[in-house]
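Accompanying notes for the structure given below.
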Protein chains: 2
Amino acid sequence: MPKTSQAAGLHRASLAKLHELDAALELMYYGWRGMTLEADEYLAKQGLSRPHHRILYVVARRPDIAIGSLIEILGISKQALNRPLNLLLDRKLLTSKRAPEQHRSKLLRLTGAGQRIEQKASDHERKVLREAFDRAGASGAAAWMAVMGAIADNN
Amino acid sequence: MPKTSQAAGLHRASLAKLHELDAALELMYYGWRGMTLEADEYLAKQGLSRPHHRILYVVARRPDIAIGSLIEILGISKQALNRPLNLLLDRKLLTSKRAPEQHRSKLLRLTGAGQRIEQKASDHERKVLREAFDRAGASGAAAWMAVMGAIADNN
DNA sequence: TCCGTCAAGTCAACATAGTTGACATGAGGG
DNA sequence: CCCTCATGTCAACTATGTTGACTTGACGGA
């Protein structure tokens with residue numbers, strides 16, 4: 001895992017703004033960092049990292065998901081999924097079993113321990129969002145969601 | 001460089017929401033992806049990637065920056081900076097020269113070609129932001145900035 | 001029953017992006 | 001003359017991803 005020491009001390013640099021939107025661009029960068037920082041530190045303490053969390057997050061919201069669907073949702077190759085997935089299975093944060101009537105696919109599910117870790121890691125991220133939304137009020141939060149939706153739909 | 005084929009086809013998955021803020025959390029994820037997608041594709045065509053862009057972005061806004069300061073701002077080690085930086089120097093997108101009265105530090109500057117690439121890559125990112133802000137209006141954009149500032153300051 | 005297809009698993013080779021640690025070089029300053 | 005400081009460079013390592021090639025085991029149809 002990459003060390004977090006540098007990232008943790010990373011402060012928002014004050015750079016000259018060459019364009020009107022440079023401030024927004026940098027906010028996106030530091031916003032992403034700000035949201036994920038504590039979650040990554042928590043995960044690192046568990047010997048896990050972002051890819052593991054992404055797997056846990058998706059499986060939590062799609063119990064009995066097949067591996068192929070997981071690959072599709074995560075947007076990575078089977079081989080890239082393989083190692084973090086096996087780690088999670090080895091550590092019994094996930095279980096896999098064949099479907100009773102469809103033995104081709106393996107169905108993934110979180111164990112209790114997996115649920116706890118997924119929840120704690122995601123809680124760190126949600127906490128940052130909640131505090132920001134509280135400061136901005138309901139209308140500010142709604143505006144943020146609308147703008148982010150427009151940005152996210154760019155593909 | 002990692003291929004963009006998977007990322008380009010990556011659609012916003014519809015996952016069950018276990019928490020109120022899950023939608024916001026996913027918007028941050030896909031928002032980051034949405035903003036950087038086209039810029040990354042452009043950079044890949046130039047044989048460059050995000051680390052190169054980050055260097056170009058900072059040097060554009062801090063002409064005559066020393067290498068040590070660049071390391072601090074980027075939050076990576078000297079050794080990690082070394083390869084992308086040398087590539088940019090080799091390709092004459094950056095120049096380095098010693099200060100006239102302070103021969104210890106090297107001062108970095110963009111060349112014309114470097115400026116063009118920095119601008120085009122950043123333009124892809126700003127375009128996505130601009131379109132989203134246009135849809136949201138000035139007050140929506142301001143609210144977005146306020147919320148992102150609160151999120152970014154989490155450290 | 002055999003054969004093709006499909007989901008999954010696994011191996012090798014590679015690229016990228018980062019880390020530490022150790023050490024060299026060259027300029028400036030006391 | 002020596003110490004410090006900025007930079008450069010080498011080696012070894014980790015982590016996350018990629019392709020390509022191949023196996024295994026289950027299912028389903030001719």
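When reading the values below, keep in mind they use all heavy atoms of this one structure, side chains included, and skip hydrogens, waters and symmetry mates.
Comparing atom distances between the B/Gln79 side chain and each of C/dT19, C/dA8, D/dA21 picks out C/dT19 as nearest. Of the candidate nucleotides D/dT16, C/dG9, C/dT19, D/dT16 has the atom lying nearest to any side-chain atom of A/His52. Considering only the side chain of B/Ala66, D/dT7 comes nearest among D/dT18, C/dT20, D/dT7. You'll find that the side chain of B/Pro51 is closest to C/dA17, out of C/dA8, C/dA17, C/dT19. Nearest to the side-chain atoms of B/Ile67 among the listed nucleotides D/dG8, D/dG17, C/dA8 stands D/dG8. With distances taken from any side-chain atom of A/Ser49 to the nucleotides C/dA17, D/dT7, D/dT16, the minimum falls on D/dT16.
The NZ atom of B/Lys97 sits 16 Å away from the P atom of D/dT7 (whole-angstrom rounding). Between A/Lys106 atom NZ and C/dG9 atom C1' there is a gap of 8 Å when expressed in whole angstrom units. In this structure, A/Leu48 places its CG atom 18 Å from P of D/dT14, rounding to the nearest Å. Rounded to a whole Å, the CD1 atom of A/Ile71 is 17 Å from the P atom of D/dT16. Atoms CD1 (A/Ile76) and C1' (D/dT18) sit 11 Å apart, rounded to a whole Å. When rounded to the nearest whole Å, the span between CG of B/Leu74 and P of C/dA17 equals 13 Å. One can place CZ of A/Arg98 at 12 Å from C1' of C/dC6, the figure rounded to the nearest angstrom. Atom CG of B/Leu43 is separated from atom C1' of C/dT16 by 14 Å (rounded to the nearest Å).
Residues in residues 46-55 of chain B take part in these salt bridge (Lys or Arg N to Asp or Glu O under 4.0 Å) pairs, two or more places apart or across chains: B/Asp40-B/Arg50. Residue pairs meeting the salt bridge (Lys or Arg N to Asp or Glu O under 4.0 Å) criterion with at least one partner in residues 75-92 of chain A, sequence neighbours excluded, do not occur; the list is empty.
Within the 4.0 Å cut-off from OP1 or OP2 of D/dT18, at least one side-chain nitrogen or oxygen of A/Ser77 is found. In terms of phosphate contacts, B/Lys78 brings no side-chain nitrogen or oxygen within less than 4.0 Å of OP1 or OP2 of C/dT19.
Ionic pairing of B/Lys120 and B/Glu38 is not present here: no N-O contact between side-chain nitrogen and carboxylate oxygen is shorter than 4.0 angstrom.
Here the rule is side chain to side chain contact (heavy atoms under 4.5 Å, CB included) with B/Leu108, and of B/Leu88, B/Leu70, B/Ile55, B/Thr95 only B/Leu70 fits it.
For the pair B/Arg135 and B/Phe133, the cation-pi test (distance below 6.0 Å, angle within 45°) is failed.
The side-chain heavy atoms of B/Met148 and A/Met35, taken from C-beta on, include no pair separated by under 4.5 Å.
Residues from residues 81-92 of chain B placing a heavy atom under 4.0 Å of any atom in DNA chain D, listed by number, are B/Asn86.
The 5' end of DNA chain D is approached more closely, in terms of each residue's nearest nucleotide, by B/Gly68 than by the other of A/Arg54 and B/Gly68.
Under 3.5 Å, the side chains of A/Thr111 and A/Gln115 contain no donor-acceptor pair of N or O atoms.
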